[in-house]
There are 2 protein chains.
Amino acid sequence: MWHCQEVPASLSPVRQSGVRAHNLALVLRTVANSADPPSRAAVAAATGLTRATISTLVDDLIAGALLTEVGPAPRSGAGRPAAGLRLSPDGPAGLGLEINVDYRAACVVDLTGSVRHRLVEKGDQSLPAVAGLAHQALLRASSDGLTVAGAALAVPGLVGAGGIIRVAPNLGWQDVTVGDLVPGLPLTVDNEANLAALGELAAGDPPASFVYVSGEIGIGAGIVLGGELYRGVRGWSGEIGHIPIDPGGPPCRCGARGCLEQYAGQEAIARAAGDLTVAGTALGTALATVVNLLDIDTVVLGGIYAPLVPQLHDAIQAEISRRVLTADWSPVRLRAATLGADAAVRGAAGAVLRGVLDDPAAWLSRIQAV
Amino acid sequence: MWHCQEVPASLSPVRQSGVRAHNLALVLRTVANSADPPSRAAVAAATGLTRATISTLVDDLIAGALLTEVGPAPRSGAGRPAAGLRLSPDGPAGLGLEINVDYRAACVVDLTGSVRHRLVEKGDQSLPAVAGLAHQALLRASSDGLTVAGAALAVPGLVGAGGIIRVAPNLGWQDVTVGDLVPGLPLTVDNEANLAALGELAAGDPPASFVYVSGEIGIGAGIVLGGELYRGVRGWSGEIGHIPIDPGGPPCRCGARGCLEQYAGQEAIARAAGDLTVAGTALGTALATVVNLLDIDTVVLGGIYAPLVPQLHDAIQAEISRRVLTADWSPVRLRAATLGADAAVRGAAGAVLRGVLDDPAAWLSRIQAV
DNA sequence: GCGGATTTGTTTAGTGGTTGAATTATTTGG
DNA sequence: CCAAATAATTCAACCACTAAACAAATCCGC
């Protein structure tokens, strides 16, 4: 009784060092979330920790090049002027990589979220080609004096445990192991829609829970719940392309009939030649199911849908209002992705940085060891 | 940049007392999850904390009547015999309440998961009647010497913030405030499917992520992700009754056509008079969507479906295998709920106990204050 | 232009909680 | 009956945070 197979993350003890790790992350996050560079005192007030504690935490974070002091902001009123704190542009950077049907891309993003380098190349969808692009990006980063903390690779397919690409239909891949793509750097492999959702979370200003819909040849979704990407048990969440719309509809490559992909996939959109009513209605029907199930209030449309939102909006919204039971109490917002085609690479780089921001203590001890 | 509107729960500082609170919960959970009563040394080994620390933590938990020592288990080999630890049956108990279309129920469950009292009455679906039942249950509990830590009420409807019942169609309720149903006890109000899912999580042996499908007059789902109930942004997750199955199907009371409820709701099941192929296929189609979206590998069928699983199983499973893209790599398991009609009340009581188990420090300081 | 008010940031003593080693307790086996 | 083995407790040390005093740097009023 009272046991389930996998116990939540709370199954690890907390020692005093864990307290410090947590509070380092707390301070870093507070600074990152502040609009203007906050003072130590402001961070103390925001977090509830004392100024003394904040001082020692900030010292560590500055020593690790995660934060920098910025000149005192002009302020009215009496008192010693505050030294502003902000994320350091010279701290760890993230390397984002993407391999897709007709291009591959890399970008280097620093802690402040600035894209420092961005490379896109067409053709040659192979892992060595991606490795080459990554190498180029790393060279440029190191010529800037940037330390790259890690890399993440976005692929249009199902990624299993250990970063194995189970199947990427549009690349023709099956059970591909990525291996040591970027020597010496920790590498994460993830689904393109998942990373794009993270990119949107970081760069756009969505609520903590939303669904990112990635329209490409297939249709995928990245699900963010409470500020965290929901990956599912095996990492294969968000497969919405084959939600059935009409059992009497056109046959789909998956074997069933009338899947969403047949109405709103890239090919269907192209065939529609501008009249996106059917696609919008199908998308709206599928999204109504998603919203009813997950009770999220924001849907972000990305990929090929992003530029089409003006034409899709009304049909989707109509269907959602009609089918979502709770639409009367809380309207569902529909918006276009802000990053467009870059969402996945940017999200990949952001995922690396998110790792550093979420556990700065690990980063500090990592650079200490060197 | 790097900010989202609602920051995750990590936005609170951790002081030393927080460490103790966390570790108290860790020890309690470890004992609860162990098959046999573990010794302090075993708990230390399992958690990674030292035996010294475990001793002081266990002292607090025993003083608070959350744990008890049980006589030394027969053991082979040399050495001082261990004192076994187990959850105390004399500790805090949970009061579960349920109001439904044709009955109301109450039960008292102790920390070990034993149902100590159980009351069911038919008719009179009113809050005062529930209050009366609750009062009876509390009397019986106190005559056992049990301290009831809190109560939870399961209702067949949408529950909003503050425990307001937004709408319970089958009770004919709208915007009902529950108020002080059980004087002096903290009361939680939640959706019936959500609490039933929690009941199943505690009493059955499901994996950490699963979906509980509650078939009643409407069809609802309780979603458990990583051992935690997923409630959604507004608390209205799991509305699967109106997933569209066939746009040309029979009209539904919601205004759309061919909703799942029309094929697998209580009335449709009754009409089907034993032939559940259509209902099973419709359920399978809807569940395939759920599985594709959430990537969970277990579906628990409860409510009216629980006794019908033998007849429903094949049709559902066939549809899932056909429509779930990843079914080849990881089969989806389908099982009947173990608690049957009691799932929601039991889950409600369990939710109270879960609160104590997740934060024993709060309970300890609460009984300290008295 | 000078003293007080005010706010920032640092220093220092104190406290809570964990660690690690030593100690005590209780059994089995030779 | 003593040695080996395992369980649990005690105690000094340490780490991170708190509270309060202190130092630094500015504004304001006269």
Side-chain angles (χ1 to χ4, degrees), chain A residues 12-27 30-31 34 36-63 67-85 360-361 364-365, chain B residues 12-27 31 34 36-63 67-85 360-361 364-365 368:
Chain A
S12 51
V14 169
R15 345 185 108 70
Q16 291 90 323
S17 64
V19 173
R20 190 148 190 92
H22 178 99
N23 286 337
L24 281 167
L26 178 63
V27 168
T30 303
V31 173
S34 300
D36 298 320
S39 65
R40 289 167 172 77
V43 173
T47 58
L49 295 164
T50 63
R51 289 184 320 227
T53 303
I54 296 295
S55 272
T56 72
L57 291 167
V58 166
D59 284 349
D60 284 4
L61 292 171
I62 288 179
L67 290 181
T68 35
E69 276 189 335
V70 62
R75 194 182 39 75
S76 60
R80 171 176 168 176
L85 297 170
L364 293 180
S365 65
Chain B
S12 51
V14 170
R15 342 186 110 71
Q16 288 91 322
S17 64
V19 172
R20 189 144 189 96
H22 178 100
N23 287 338
L24 280 167
L26 178 64
V27 168
V31 173
S34 300
D36 299 320
S39 65
R40 290 167 171 76
V43 173
T47 58
L49 295 164
T50 63
R51 284 175 314 195
T53 304
I54 297 294
S55 272
T56 72
L57 290 168
V58 166
D59 284 349
D60 284 4
L61 292 171
I62 288 179
L67 291 181
T68 34
E69 276 189 336
V70 63
R75 194 182 39 77
S76 61
R80 170 176 169 178
L85 297 170
L364 294 180
S365 65
Q368 195 74 15

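Residue numbers begin at 1 in each chain, while the letters A, B, ... track the order of the sequences. Keep in mind that what you see is a predicted model, and the values were worked out from it rather than measured.
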[N], OP1 or OP2 - any side-chain N/O from [X] closer than 4.0 Å?
X	N	value
A/Arg40	C/dT10	yes
B/Thr50	C/dT18	no
A/Arg20	D/dC15	no
B/Ser39	D/dA8	yes
B/Asn23	C/dG17	no
B/Ser55	D/dA8	no

Nearest-0.5 Å distance, [atom1] of residue [X] to [atom2] of residue [Y]:
X	Y	atom1	atom2	answer
B/Leu24	B/Leu57	CG	CG	5.0 Å
A/Thr47	A/Ile54	OG1	CD1	3.5 Å
A/Asn23	A/Thr53	CG	OG1	8.0 Å
B/Arg40	B/Thr50	CZ	OG1	13.5 Å

Any N/O pairs under 3.5 Å between the protein and nucleotides 23-27 of chain C? List them or say none.
from, atom 1, to, atom 2, distance (Å)
C/dT26, O2, B/Arg80, N, 3.1
C/dT27, O2, B/Gly79, N, 3.1

List the steps and the verdict of side-chain contact (heavy atoms from CB on, under 4.5 Å) for B/Leu85 and B/Leu61. CA-CA 10 Å; B/Leu85 297 170; B/Leu61 292 171; over 6 Å; no

Identify whether any heavy atom of B/Ala52 sits under 4.0 Å from a base atom; if not, whether one sits that close to sugar-phosphate; answer base, sugar-phosphate or nothing.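 Contact class for B/Ala52: base.
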
Nearest-Å distance, [atom1] ([X]) to [atom2] ([N])?
X	N	atom1	atom2	answer
A/Asp59	C/dT11	CG	P	9 Å
A/Gln16	C/dT15	CD	P	17 Å
A/Leu49	C/dG16	CG	C1'	16 Å
A/Leu85	C/dT8	CG	P	12 Å
A/Leu57	D/dC15	CG	P	16 Å
B/Leu26	C/dG17	CG	C1'	15 Å
A/Ile54	D/dA16	CD1	P	15 Å

Side-chain (B/Ser39) to main-chain (B/Ala42) donor-acceptor, under 3.5 angstrom: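 Yes.
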
Would B/Arg20 and B/Thr56 count as a side-chain contact (heavy atoms from CB on, under 4.5 Å) here? Give the steps. CA-CA 10 Å; B/Arg20 189 144 189 96; B/Thr56 72; 3.2 Å; yes

